[in-house]
Amino acid sequence: MKKKIIITIVITIVFSLVLATTSFLTIFNVENMRKVKSNLKNYAEYIVRNNYEDINEVKGIKLDNTTIRCTYINSKGQVIYDTLGEVYENHLNRIEVKEALKDGEAYAVRNSTTDNEKLVYYAKKLDNGNILRLSVSFKSISYFNFYKLGYSLIIGILIFVFTFIISMKLVRTIMKPVNELEEVTSRIARGDLHIRAKAKTNDELGTLGKTFNNMADQLQNKINEVMDKQNRLESIVKSMESGVIAVDLSGNIIVINPYAKRIFGIKDDIIGEKIYDYIEDFDINYFLNEEEEISKEIKLLHPVERELKIKKAFILSGREKIGKVIAVQDISDIKRLENMRSQFVANVTHELKTPLTSIKGFAETLKYVEDEKTREKFLDIIDNEAERLSRLISDILVLSKIESSTTTDDEDFMPYIVIDEVISIVKNMAESKNILLIVEKSEKDIKLHGDKDKFLQLVLNLVENGIKYSNEGSTVKVRSFIKKGDYILEVEDNGIGIPKEDMPRIFERFYRVDKSRKGGGTGLGLAIVKHIVKIFNGEISIDSELNKGSIFTVTIKNI
C-alpha cells in the first residue's frame with residue numbers, strides 16, 4: 001500500500017509540475033507577445049514622429065537585446081529599404097501589409113520568406129500611403145528556450161524534492177497506524193488474541209482502530225465460546241463408554257474417541273485419514289456406506305473378537321448432508337451374560353429334572369411294590385435324590401446370594417480358627433473314607449478382614465472337594481501362611497486329579513469333569529469358591545495332575 005501511495009504522489013507531483021509549467025509558459029508567452037507587439041507599435045510611432053528616413057538612423061534598434069528589422073514599403077508593395085539589405089520581393093501580398101493598407105495597422109506572426117525565420121510583424125500605414133513595418137524574431141518572445149529551460153528544470157526539481165519530502169512525512173503519518181494495525185492483525189491471525197491496536201487519534205484512522213479493537217474483542221469472545229464448547233464436547237466424547245467416529249462424505253475421519261480406538265486397535269492419531277485404511281472389517285464399511293441402515297449388530301474378528309452394536313446418524317449443515325457419525329458399543333459382555341444365563345437356566349433345569357424324575361419314578365413304582373426289601377431300596381434312592389436335590393437348591397441359593405449381595409458383614413477374624421471349625425465339620429466325612437486331614441498353620445498370628453461366614457464356606461467347599469474326590473486312605477492337607485504380605489490358603493489332595501483340558505472350565509457353574517464326579521456334587525461348589533475369592537479381592541489357581549492329585553491355592557493380597 002505504501003508503494004502505491006508513493007507512486008501516486010510522485011505521478012501527481014510530476015503531473016502538477018508539468019501542468020503548472022505548461023500553463024505558466026503559455027501565459028508568459030501570451031503576455032510577452034502582447035508586450036512585444038506593444039513595443040513594436042511604440043517604436044513605429046517613435047520612428048514616424050522623429051521622421052527617420054535614412055536607413056542608418058533606424059538600423060540597430062533593439063528590443064530586449066534583439067535587433068528589430070525595419071522595412072519601408074510603398075503602396076505598390078515594393079521595398080524601399082530594409083535593414084537586412086536589398087530586398088527585391090514584392091510585399092504587397094504579405095498579410096500585415098494588406099491589413100495595414102486596409103485598416104491602418106496590422107500584426108502578424110509568420111515565417112519570413114526572406115530569412116526563413118519565424119517573426120512577429122507590426123505594420124503601420126503612413127500618411128503618404130507607404131507602409132512602415134517592424135519585425136522581431138519569435139525566439140525573443142518564447143520563454144521556452146534552452147537557457148530558460150535549465151532554470152525551469154532546476155526550479156522544478158527543487159519543487160519536486162520539497163513536495164516529495166513533505167508528502168513522505170504525510171505518508172508516514174498515515175501509514176504508521178496502518179502498519180501498526182497490520183502488525184496487530186498478523187499477530188491475531190497467529191493466535192495472539194490479547195493484542196489490540198493503539199487508537200491515539202480521533203480521525204478516520206483512530207475510528208478504524210477502535211472498530212478493529214471492538215471486532216477483535218467480539219472475535220476473542222466467540223473463539224473462547226467455541227473453544228469452551230469444543231473442549232466440553234471433546235471431554236464428553238473421550239469419557240464415553242461407547243465408541244464415536246465421525247467421517248465426512250469422502251470417508252475422512254473428523255472425530256474418533258479413545259474408546260473407538262481401543263475397540264479397533266488403533267494407536268496413531270488418524271484425524272483426516274481415510275477410515276477404510278484403519279478399519280478393514282467389510283460389515284462395518286458396508287454399514288457406513290449404506291444409506292438406509294441405522295442400527296446393526298456386527299461381530300468383529302480383528303484385533304479381538306467382539307460383539308458390537310453400531311448406530312449411525314447423518315451430520316447435517318442446514319439441509320445438506322456433510323458426513324456421518326457412528327456410535328459403537330461393545331456388547332460382548334452382555335452377549336456372554338445372556339449366554340451364561342441361558343446356559344444357567346438350562347443347567348438348573350437339567351440338574352433339577354434328574355433327581356425329580358428319579359423321585360417321581362420310584363415313588364410311583366412303590367405303589368405296586370409289595371416286597372419290603374425292594375421298598376426299602378427304593379425309599380433309600382428317593383431319600384438320596386431328595387438330599388441331592390436339597391443340596392442343589394441350597395448351592396443355587398448360596399451362589400445367587402453371593403452374586404446379588406451388595407453388602408457384607410465384614411469383621412476381623414483369625415483364619416486358622418475358621419479352618420479348625422471346617423475340620424470339625426468334615427471330620428466324620430473324612431473318617432468314613434479313612435482320609436487323614438493335616439492342617440499346617442503359620443506360627444505368626446494372621447488376621448483377615450471380611451465376611452467370616454463366606455470364608456468358612458470357601459474353606460469348607462475346597463476341603464469337602466478334596467475329601468470327596470480322594471481315594472480311601474488318602475491325605476488332604478490344608479496350609480495357611482503369609483508370603484510377601486499376601487495370605488495364602490492351600491488345599492492339597494492326592495485324589496483322582498483333573499485333566500488339563502478341563503482345568504480352564506473347572507470354575508464354571510454345573511461343570512463336572514467326568515462321570516466319576518456326577519454322584520459326588522452339584523457342580524456349583526467351585527463356582528461359589530471363585531465368587532467368594534473375588535469378594536476378598538483375591539485370586540484362585542489350580543495345579544493338578546491326573547490320578548496324582550490337585551492343589552487349590554487361594555491368594556488374598558495385601559492383608
Side-chain angles (χ1 to χ4, degrees), residues 394-395 398-399 401-403 405 408-498 503 506-507 517 520-522 524-545 548-559:
S394 176
D395 285 348
V398 170
L399 182 60
K401 183 179 178 181
I402 291 172
E403 288 182 339
S405 178
T408 57
D409 297 327
D410 292 345
E411 59 179 311
D412 292 332
F413 61 91
M414 299 291 186
Y416 72 87
I417 296 176
V418 176
I419 293 171
D420 288 343
E421 187 176 346
V422 169
I423 296 299
S424 299
I425 294 172
V426 300
K427 184 177 181 181
N428 292 334
M429 182 181 177
E431 288 177 351
S432 66
K433 295 183 68 173
N434 195 25
I435 291 176
L436 177 64
L437 295 175
I438 299 175
V439 178
E440 298 178 359
K441 304 175 187 176
S442 172
E443 296 180 358
K444 193 174 183 181
D445 289 338
I446 302 170
K447 274 189 179 182
L448 295 180
H449 183 79
D451 192 323
K452 181 180 177 181
D453 291 337
K454 287 187 173 61
F455 185 77
L456 186 145
Q457 182 79 44
L458 182 154
V459 179
L460 181 61
N461 284 9
L462 290 176
V463 175
E464 278 187 343
N465 277 354
I467 296 170
K468 197 179 296 181
Y469 300 118
S470 293
N471 298 321
E472 290 189 7
S474 300
T475 302
V476 174
K477 294 181 180 179
V478 180
R479 302 184 186 93
S480 174
F481 58 94
I482 291 178
K483 182 179 180 181
K484 296 181 180 179
D486 298 335
Y487 172 73
I488 308 296
L489 172 68
E490 289 182 352
V491 178
E492 180 182 358
D493 65 70
N494 49 9
I496 61 176
I498 302 170
M503 281 200 293
I506 198 68
F507 294 103
R517 294 175 178 249
T522 62
L524 293 174
L526 289 180
I528 293 171
V529 168
K530 182 178 180 181
H531 280 282
I532 294 174
V533 170
K534 283 186 177 180
I535 291 173
F536 277 88
N537 190 30
E539 295 177 352
I540 184 167
S541 61
I542 181 172
D543 183 15
S544 181
E545 189 173 349
K548 287 189 177 182
S550 304
I551 301 176
F552 287 86
T553 303
V554 176
T555 304
I556 299 176
K557 299 181 178 180
N558 303 321
I559 61 169

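Hydrogens, waters and symmetry mates are skipped; everything else that's a heavy atom, side chains included, is used.
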So do the side chains of [X] and [Y] get within less than 4.5 Å of each other, counting heavy atoms only?
X: Y487; Y: I446; answer: yes
X: N471; Y: I496; answer: yes
X: K452; Y: L456; answer: no
X: K477; Y: V491; answer: no
X: I542; Y: I498; answer: yes
X: V439; Y: I419; answer: yes
X: I535; Y: D451; answer: no

Exercise for review: Mind listing the closest non-hydrogen atom pair of S550 and G497 along with its distance?
Suggested key: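 Heavy-atom minimum between the residues: OG-CA, 3.7 Å.
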Measuring from atom [atom1] of [X] to atom [atom2] of [Y], what distance do you get when rounded to the nearest 0.5 angstrom?
X: L437; Y: I423; atom1: CG; atom2: CD1; result: 4.5 Å
X: N494; Y: I551; atom1: CG; atom2: CD1; result: 10.5 Å
X: D543; Y: T553; atom1: CG; atom2: OG1; result: 7.5 Å
X: N461; Y: K468; atom1: CG; atom2: NZ; result: 8.0 Å
X: I438; Y: T475; atom1: CD1; atom2: OG1; result: 5.0 Å
X: T555; Y: I488; atom1: OG1; atom2: CD1; result: 3.5 Å

Check your understanding: Please, which pairs that meet side chain to side chain donor-acceptor pair (under 3.5 Å) have at least one residue in residues 412-435, sequence neighbours excluded?
Key ->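 For residues 412-435: D412-H449, D420-K441.
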Review point. Taking only residues two or more places apart in sequence or in another chain, which ones pass side chain to side chain donor-acceptor pair (under 3.5 Å) with E411?
Key: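 By the side chain to side chain donor-acceptor pair (under 3.5 Å) rule, E411 matches no residue at all.
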Review point. If you measure only the distance, is there a donor-acceptor pair under 3.5 Å linking the side chains of D453 and Q457?
Key: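 No pair is found: no donor N or O on one side chain lies under 3.5 Å from an acceptor on the other.
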Exercise for review: May I have the step-by-step check of salt bridge (Lys or Arg N to Asp or Glu O under 4.0 Å) for E539 and K557, ending in yes or no?
Suggested key: CA-CA 8 Å; E539 295 177 352; K557 299 181 178 180; 3.0 Å; yes
Exercise for review: Under the side chain to side chain contact (heavy atoms under 4.5 Å, CB included) rule, what do F552 and L526 come out as? Steps first, then yes or no, please.
Suggested key: CA-CA 10 Å; F552 287 86; L526 289 180; 3.9 Å; yes
Point to revise | S470: side chain to side chain contact (heavy atoms under 4.5 Å, CB included) partners, not counting sequence neighbours | key: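 For S470, the residues satisfying side chain to side chain contact (heavy atoms under 4.5 Å, CB included) (neighbours in sequence not counted) are I435, S474, V476, D493.
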Practice item. Only counting residues at least two apart or in another chain, list the ones meeting side chain to side chain contact (heavy atoms under 4.5 Å, CB included) with K484. Key: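 Counting only residues at least two positions away or on another chain, K484 forms no side chain to side chain contact (heavy atoms under 4.5 Å, CB included).
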Exercise for review: Please assess V422 against V478 for the test side chain to side chain contact (heavy atoms under 4.5 Å, CB included), listing each intermediate value before the final yes or no.
Suggested key: CA-CA 11 Å; V422 169; V478 180; over 6 Å; no
Check your understanding: Just one of L460, L458, N465 clears the side-chain contact (heavy atoms from CB on, under 4.5 Å) bar with V529, so which one?
Key ->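 It is L458; the other options fail the test.
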Review point. Among all residues two or more places apart in sequence or in another chain, which pass the ring pair (Phe, Tyr, Trp, His ring centres under 6.0 Å) test with F413?
Key: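 Partners of F413 by the ring pair (Phe, Tyr, Trp, His ring centres under 6.0 Å) criterion, ordered by chain and then number, come out as F455.
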Point to revise | Residues in salt bridge (charged side-chain N to carboxylate O under 4.0 Å, His left out) contact with E492, at least two apart in sequence or another chain | key: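 Salt bridge (charged side-chain N to carboxylate O under 4.0 Å, His left out) list for E492, sorted by chain: R479.
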